Amino acid sequence: MNEKIVKLQHRIEKKLDEYRYEHTLGVMYTAGALAMCHEVDMNEALLAGLLHDCAKCYPDDKKFELCEKYNVELSDVERQNTALIHAKLGAVLAREKYGVESENVCQAIATHTTGAPAMDKLQQIVFIADYIEPHRDRAGRLDEIRHAAFEDLDEACRMILTDTLTYLSDSPKTIDPMTKKTYDYYISD
């Protein structure tokens with residue numbers, strides 16, 4: 001792991017609660033392992049995994065304030081379900097606050113919650129790693145999805161999106177249209 005990532009790891013630890021920091025490390029290392037398996041730049045995967053939730057622990061009012069400051073456009077669904085804001089905001093903070101220059105890393109952070117149609121491998125890896133990291137234990141097909149992730153990124157995305165939409169359809173929360181668009185893309189693939 002390069003020195004920049006180690007330094008950022010210490011900074012991130014101070015910004016996240018204990019549970020979120022443990023989850024973040026799990027995503028970072030899972031993303032690194034998936035990157036090695038699928039021939040993606042490991043340092044970019046580690047960096048995106050480390051910073052994917054960098055905006056997660058801000059209070060909602062601070063998230064809205066930062067979105068306004070950095071001109072982050074929010075959809076009505078994101079305004080109603082503030083848990084979704086951290087992905088777009090995190091991508092901006094990665095660039096502005098943590099000095100990330102790679103657009104690939106920022107895109108992977110921005111799309112890690114809803115996914116996006118035609119994600120590149122790094123985006124898929126962070127999306128998947130967030131779902132399968134070792135501290136996750138509630139998803140029904142987790143073992144199957146973990147296995148698929150190291151075999152076929154598209155299949156793992158399909159499985160996650162199917163399970164996510166099934167879960168959300170039983171929830172009072174509004175489904176983000178991007179999740180549905182992503183699902184449609186990967187199902188038709």
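This structure is a prediction, so every number in the text was calculated from the model and none was measured. This chain uses plain numbering: 1 for the first residue, then up along the sequence.
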Between [X] and [Y], is there shared hydrophobic-cluster membership here, with clusters defined by ILVMFWY side-chain heavy atoms closer than 4.5 Å?
X    : Y    : value
L168 : Y186 : yes
V100 : V92  : no
L51  : Y58  : no
I5   : L16  : yes
Y98  : L89  : no

Would you give the length of the straight line joining atom [atom1] of [X] to atom [atom2] of [Y], rounded to the nearest 0.5 angstrom?
X    : Y    : atom1 : atom2 : value
I145 : F150 : CD1   : CZ    : 13.0 Å
T30  : H23  : OG1   : NE2   : 9.5 Å
R20  : C54  : CZ    : SG    : 12.0 Å
D152 : Q124 : CG    : CD    : 8.5 Å
M119 : I125 : CE    : CD1   : 11.0 Å
I132 : D137 : CD1   : CG    : 14.0 Å

Non-hydrogen atoms of [X] and [Y] that approach each other most closely:
X    : Y    : value
L93  : A55  : CD1-CB, 3.9 Å
T24  : L50  : CG2-O, 3.1 Å
I109 : A91  : CG2-N, 3.5 Å
I175 : L165 : CG2-CD2, 3.6 Å
G115 : M178 : O-CG, 3.3 Å
Y131 : L142 : O-CD1, 3.7 Å

Open item on the list: Could you check whether any side-chain N or O of R141 sits under 3.5 Å from a backbone N or O of R146, counting only pairs where one atom can act as donor and the other as acceptor?
Closed with: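 No, because the side chain of R141 does not come within donor-acceptor range (under 3.5 Å) of the backbone of R146.
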Open item on the list: If we ignore hydrogens and angles and just use 3.5 Å, is the side chain of D53 paired with the main-chain N or O of K56 as donor and acceptor?
Closed with: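 Answer holds: no.
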TODO: Scan residues 63-77 for pairs that pass salt bridge (charged side-chain N to carboxylate O under 4.0 Å, His left out), counting only residues two or more places apart or in two chains.
DONE: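 Sorted pair list: D60-K63, K62-E65.
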Taking C-beta and beyond as the side chain, do [X] and [Y] meet within less than 4.5 Å on heavy atoms?
X    : Y    : value
L122 : D41  : no
V27  : H112 : no
Y21  : Q9   : yes
L25  : E13  : no
Q123 : D120 : yes

[X], [atom1]: over 12 other non-hydrogen atoms inside 6.0 angstrom:
X    : atom1 : result
H135 : NE2   : yes
K7   : NZ    : no
E39  : CD    : no

Task: Criterion side chain to side chain contact (heavy atoms under 4.5 Å, CB included) on F64 and R79, from CA distance to verdict - done: CA-CA 9 Å; F64 286 119; R79 289 183 184 286; 3.9 Å; yes
TODO: Could you give me the CA-CA distance, side-chain angles and deciding distance for S102 and L47, then say whether side chain to side chain contact (heavy atoms under 4.5 Å, CB included) is met?
DONE: CA-CA 10 Å; S102 168; L47 185 58; 5.8 Å; no
Open item on the list: Could you walk me through whether L161 and F127 satisfy the side chain to side chain contact (heavy atoms under 4.5 Å, CB included) test, starting with their C-alpha distance in whole Å, then the side-chain angles of each, then the deciding distance to 0.1 Å, before giving a yes or no?
Closed with: CA-CA 10 Å; L161 289 157; F127 176 77; 3.8 Å; yes
TODO: Begin from the C-alpha positions of E103 and R95 and carry the test side chain to side chain contact (heavy atoms under 4.5 Å, CB included) through to its verdict.
DONE: CA-CA 9 Å; E103 189 55 36; R95 191 178 304 109; 3.3 Å; yes
Task: E155: partners by salt bridge (Lys or Arg N to Asp or Glu O under 4.0 Å), with sequence neighbours left out - done: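 Partners of E155 under the salt bridge (Lys or Arg N to Asp or Glu O under 4.0 Å) test: R158.
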